[in-house]
Amino acid sequence: MRIYLLGFMGAGKTYWGQKLKFTLNLPFYDLDRVIEEGEGLSIPEIFENFGEKHFRLLETKYLRKVSENENVLISCGGGTPCFMDNMSLMKEMGLTIWLNASPGMMVDRVKGQKNIRPLLKNLNEEQLKQYFCRKLEERKPFYGQAQLIIDPIKFDI
Ligand code: S3P
């Protein structure tokens with residue numbers, strides 16, 4: 001069984017991944033950490049040195065690599081389902097779950113961690129809110145293809 005956790009930055013993908021791996025007894029990979037380990041660079045360093053386009057290529061490369069495991073729980077980056085046909089790949093390979101959290105909750109979670117999220121680093125709180133609402137609308141057609149949609153606030157294990 002392959003399970004992919006999807007959702008915008010701050011939706012709780014890593015948090016739920018850490019919890020679910022014990023419940024489901026599956027090896028767990030956080031895709032951003034896999035990319036960092038594979039490349040020997042942090043996500044902000046990859047964005048800074050090579051740009052977002054290169055990051056997206058790496059993201060797909062490592063998504064395919066971790067998907068070679070037959071039994072695995074993968075927490076994706078916020079943009080993973082929205083580039084390079086990754087959503088079709090994940091739906092073919094396993095179960096996709098969208099953690100559909102509210103924009104307000106996600107902004108609250110990430111506002112103190114902008115340094116580790118290159119797409120947010122130059123935004124103040126108001127710009128952050130606008131960015132989240134706009135990007136979320138853009139990405140919903142991808143997230144919305146998930147086979148399971150969960151409001152993480154109402155979900156517990
Ligand atoms: C991104 C989300 C980040 C990381 C990168 C790009 C995005 O992952 O992959 O900074 O495009 O939404 P998290 O959702 O785990 O923060």
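We count ligands from 1, going down the list as the structure has it; atoms in each ligand are counted the same way.
Counting heavy atoms closer than 4.0 Å to ligand 1, residue Arg56 contributes side-chain atoms (C-beta onward) but none from N, CA, C or O. The proximity of Arg139 to ligand 1, defined as any non-hydrogen pair under 4.0 Å, is limited to the side chain. Residue Thr14 does not touch ligand 1, judged by heavy-atom distances below 4.0 Å.
The shortest N or O to N or O distance between Glu59 and ligand 1 is not under 3.5 Å.
Proximity of a side-chain donor or acceptor of Asn69 to a complementary backbone N or O of Val66 within less than 3.5 Å is detected. Panel note: side chain Glu36, backbone Ile43; a donor-acceptor pair is recorded below 3.5 Å.
From the protein, the heavy atom lying nearest to atom 7 (C) of ligand 1 is Gly79 N, 3.3 Å. For atom 2 (C) of ligand 1, the nearest non-hydrogen atom of the protein is Gly78 N, 3.4 Å. Ranking protein heavy atoms by distance to atom 4 (C) of ligand 1, first place goes to Asp32 OD2, 3.2 Å.
Put simply, no part of Arg109 is less than 4.0 Å from ligand 1, judged by heavy atoms. Contact annotation: Lys135 has no heavy atom less than 4.0 Å from any atom of ligand 1.
For the salt bridge (Lys or Arg N to Asp or Glu O under 4.0 Å) condition, the pairs that include at least one residue of residues 55-64, sequence neighbours left out, are Glu39-Lys61, Glu52-Arg56, Arg56-Glu59.
Taking a cut-off of under 4.0 Å to the non-hydrogen atoms of Leu119, the atoms of ligand 1 that pass are 6 (C), 7 (C), 11 (O). Interface atoms of ligand 1 facing Pro118, defined by a heavy-atom separation under 4.0 Å, are 10 (O). Shown in contact with Gly77 at under 4.0 Å from a heavy atom are these atoms of ligand 1, numbered in order with element: 8 (O), 9 (O), 14 (O). Listed by atom number, the atoms of ligand 1 under 4.0 Å from Arg117 heavy atoms are 16 (O).
When side chains are defined from C-beta on, Ile3 does not count as touching Val72, because their heavy atoms never get closer than 4.5 Å.
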Pairs under 3.5 angstrom only: tabulate donor-acceptor contacts from the side chains of residues 119-126 to other protein residues two or more places apart or in another chain.
from: Asn124; atom 1: OD1; to: Glu126; atom 2: N; distance (Å): 3.1
from: Asn124; atom 1: OD1; to: Gln127; atom 2: N; distance (Å): 2.8
from: Glu125; atom 1: OE2; to: Lys111; atom 2: NZ; distance (Å): 3.4

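Applying the 6.0 Å contact sphere to CD of Glu70 captures no more than 12 heavy atoms from other residues, nucleotides or ligands.
A donor atom on one side chain and an acceptor atom on the other are found under 3.5 Å apart for Gln145 and Lys91.
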One pair to check against ring pair (Phe, Tyr, Trp, His ring centres under 6.0 Å): Phe132 and Phe8. What are the steps and the verdict?
CA-CA 8 Å; Phe132 265 56; Phe8 206 70; 4.7 Å; yes
